[in-house]
Amino acid sequence: MIKNIAFVVGLLLSLAAPYLFPTYVTLLAFVWLMVVLSLSWDIIGGQMGYNSFGNIFFFGIGMYVSAVVQRDMFSSGVDRFADVAGGVAVRLSQSEYFISLGVGVVLAAVICVLAAILLGMAILSMRGHYFAICTLGLGIAAGEIASGIDYIGAGSGMVTPIYPEGAGSREAFYYYYFFALSVGTFLLLSKIYKSRFGLVLNAIRDDEDKAEAMGLHTTRYKTIAWSIAAFVLGIAGAGTGNLVGFIDPIDVAFTGATFGVWMILTVILGGKGTLWGPVIGAVIFYATKEFFWTYLLGWQRVALGLLIVVIVVFFPTGIMGWMRERWPHRFGERVEEAS
Amino acid sequence: MTMLEVKNVSKSFGGVRANQDISLNVPEGSIIGLIGPNGSGKTTMFNSVVGYHPIDEGNIRFEGQEISKLRVPEIARLGMLRTFQQTRIYGEMNCMDNMRISAPDEGGGAGLRHLFSSVSAEIDEHAEELLDFVGLHSKRLLLAGNLSFGQQKLLEFAMALMRKPRLLMLDEPTAGINPTLINGLIDRLRRANSEFGITLFVIEHNMRVIMNLAEHIYCLAHGKMLAEGPPEEIQNDQRVVDAYLGAS
């Protein structure tokens with residue numbers, strides 16, 4: 001009961017946040033983005049036990065796909081192209097902007113899912129460290145390749161369309177975009193984890209050989225899990241490109257050194273393989289990071305590095321994992337004699 | 001009727017010839033034993049049968065179907081399961097979840113709707129019955145990884161029963177289980193055979209257990225079939241005694 005009330009109050013506060021804290025809207029949008037990234041990473045990193053360093057790949061793909069659709073959908077013809085040259089952004093009408101954004105987001109999600117299926121068939125048969133290293137290469141390679149493609153601006157990046165006038169504040173719009181995506185992802189995952197599929201993921205994490213010996217279609221399930229993560233990441237990427245306004249192939253799209261690593265750290269901090277862990281981890285981590293960037297400027301990366309070491313050394317199972325070890329009864333672990 | 005037929009199977013790992021020209025039969029409804037000194041190739045034999053590694057020569061048929069080219073999950077879905085010598089359970093999941101995920105896909109399909117639906121009440125009920133059958137009902141909400149080794153063996157056995165196999169291959173089911181529990185386990189293995197109609201093929205080092213349990217025993221030594229026959233015959237076979245005691 002108290003839990004539910006807290007949940008509803010939290011939701012209402014989040015809905016009102018752009019009006020309550022207008023100066024922090026962009027920051028809060030990034031907090032929700034972090035929550036989405038963490039939740040999506042935990043699907044295969046936590047629940048399925050496949051440590052992927054390459055999930056940022058789908059984030060970047062989604063960002064580019066959506067940006068290209070938004071740029072080109074209503075701007076065919078030489079006259080519009082002249083406007084774009086030299087990094088000048090496309091100016092769209094209100095309806096053009098939102099229609100192209102909608103199509104871009106859907107296409108980003110679809111292409112990311114297809115990419116996950118194709119890649120999954122190729123690399124999801126690898127396990128443990130091999131899978132981790134392979135995915136690490138994936139994100140880095142994608143950034144380098146994107147830097148060489150002129151169609152998407154190559155190394156000098158891409159500018160997303162200018163937000164139309166008269167449609168409210170851009171920051172608030174994308175705040176709600178990421179807020180809705182977070183809530184949607186959370187509800188989707190809470191349903192999935194309660195289903196048979198959730199058990200399948202945990203079984204693969206605990207002993208994949210056993211799962212195979214019991215006749216589970218492990219390869220199929222692994223691919224589905226990665227596709228779900230890619231779906232969410234694609235939508236997140238599409239929104240992030242527009243929130244930032246500029247897409248650099250290595251620092252914004254395939255940003256392995258920031259969001260790519262952070263989404264893993266937040267999950268470790270919060271607790272791998274739990275529903276709430278990624279949410280808690282993302283919020284705490286992002287708040288701490290912002291604190292460092294504001295008050296320890298110049299040393300912020302050192303402080304963040306120290307924080308990462310502390311997380312890994314003292315909270316190897318995360319906040320939720322630590323609570324579970326301390327109060328196993330609360331998590332339903334108990335001996336129960338037949339009544 | 002023959003359920004599992006292994007014919008002239010050979011398997012080498014580099015220079016080690018783990019199995020040479022092995023043939024054996026497991027009739028439907030029977031309990032068959034496989035014994036032999038350490039390193040005689042028993043587990044290799046099991047691994048070959050369940051598709052864990054390809055065999056070099058020979059044929060393996062399950063209910064008449066050639067399975068030597070099939071992979072592990074495909075063979076498992078045909079209705080042949082194995083348990084592991086080093087017990088394997090899903091350690092971070094509780095016993096009930098271990099059982100739930102071991103239930104077969106209803107209707108043989110693994111459709112998305114089925115995949116994303118929750119586990120049915122009948123499955124839960126059946127899981128509780130089987131946990132009760134192996135004496136783990138009170139521990140059903142504990143993490144499987146926190147159980148003792150012997151209890152994990154029992155859980156693994158219950159999980160295999162949950163899958164409703166036609167043939168169950170057990171790799172040393174009593175290793176690491178205390179003597180009192182062993183009697184209970186023999187009893188349960190027998191009941192699984194007679195009540196649930198599951199054919200059993202058992203690797204076992206404990207002579208008392210296997211002589212009590214099996215109706216026909218195969219004995220391996222140095223990768224070759226040394227002897228076969230009913231328990232009394234095997235017990236009195238000089239070659240088997242020599243192999244176990246190390247006489248040359």
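Order of the sequence lines fixes the chain letters, A, B, ..., with proteins taken first and strands second; residue numbering starts at 1 for each chain. Note: hydrogens, waters and symmetry copies are ignored here, and every other heavy atom, side chains too, is used. Remember, it's a predicted structure, so these values are computed and weren't measured experimentally.
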Pair listing, salt bridge (Lys or Arg N to Asp or Glu O under 4.0 Å) test, anchored in residues 307-328 of chain A, at least two apart:
A:Arg324-A:Glu333
In B:Leu168, B:Leu170, B:Asp171, B:Leu34, the residue satisfying side chain to side chain contact (heavy atoms under 4.5 Å, CB included) with B:Phe201 is B:Leu34
Tell me whether the rings of B:His53 and B:Phe13 are parallel (<30°), tilted (30 to 60°) or perpendicular (>60°).
perpendicular
Quick check: under 4.5 Å, non-hydrogen atoms only, which of residues 85-98 of chain B neighbour chain A?
B:Arg88, B:Ile89, B:Tyr90, B:Gly91, B:Glu92, B:Met93, B:Asp97
Count the heavy-atom pairs under 4.5 Å between each of B:Ser118, B:Ala103, B:Gly145, B:Gly51 and chain A, then report the option with the highest count.
B:Ser118
Please determine which of B:Thr44, B:Ile55, B:Val6 meets the side chain to side chain contact (heavy atoms under 4.5 Å, CB included) test together with B:Asn19.
B:Thr44
Go through the atoms of B:Ser117 and report whether side chain, backbone, both or neither lie under 4.5 Å from a heavy atom of chain A.
backbone
Segment of A:Ile204 engaging chain B (4.5 angstrom heavy-atom cut-off):
neither
Heavy-atom contact with chain A under 4.5 Å, split by part of B:Met162
neither
Quick check on side chain to side chain contact (heavy atoms under 4.5 Å, CB included): which of A:Val183, A:Thr266, A:Val279 does A:Val35 satisfy it with?
A:Val279
For A:Trp226 together with A:Phe58, are the ring centres under 6.0 Å from each other?
yes
Need one label for B:Ala160: side chain, backbone, both or neither, based on atoms under 4.5 Å from any heavy atom in chain A.
backbone
Are the ring centres of A:Phe186 and A:Trp276 closer than 6.0 Å?
yes
Ring centroids only, cut at 6.0 angstrom: are B:Phe196 and B:Phe133 within range, meaning strictly under it?
yes
Of B:Asn146, B:Val50, B:Val119, B:Leu81, the largest count of non-hydrogen pairs under 4.5 angstrom with chain A goes to B:Leu81
Checked A:Lys191, A:Lys210, A:Lys194 vs chain B; the most non-hydrogen pairs under 4.5 Å come from A:Lys210
In a check of side chain to side chain contact (heavy atoms under 4.5 Å, CB included) between B:Glu28 and each of B:Leu4, B:Thr199, B:Thr2, which one passes?
B:Thr199
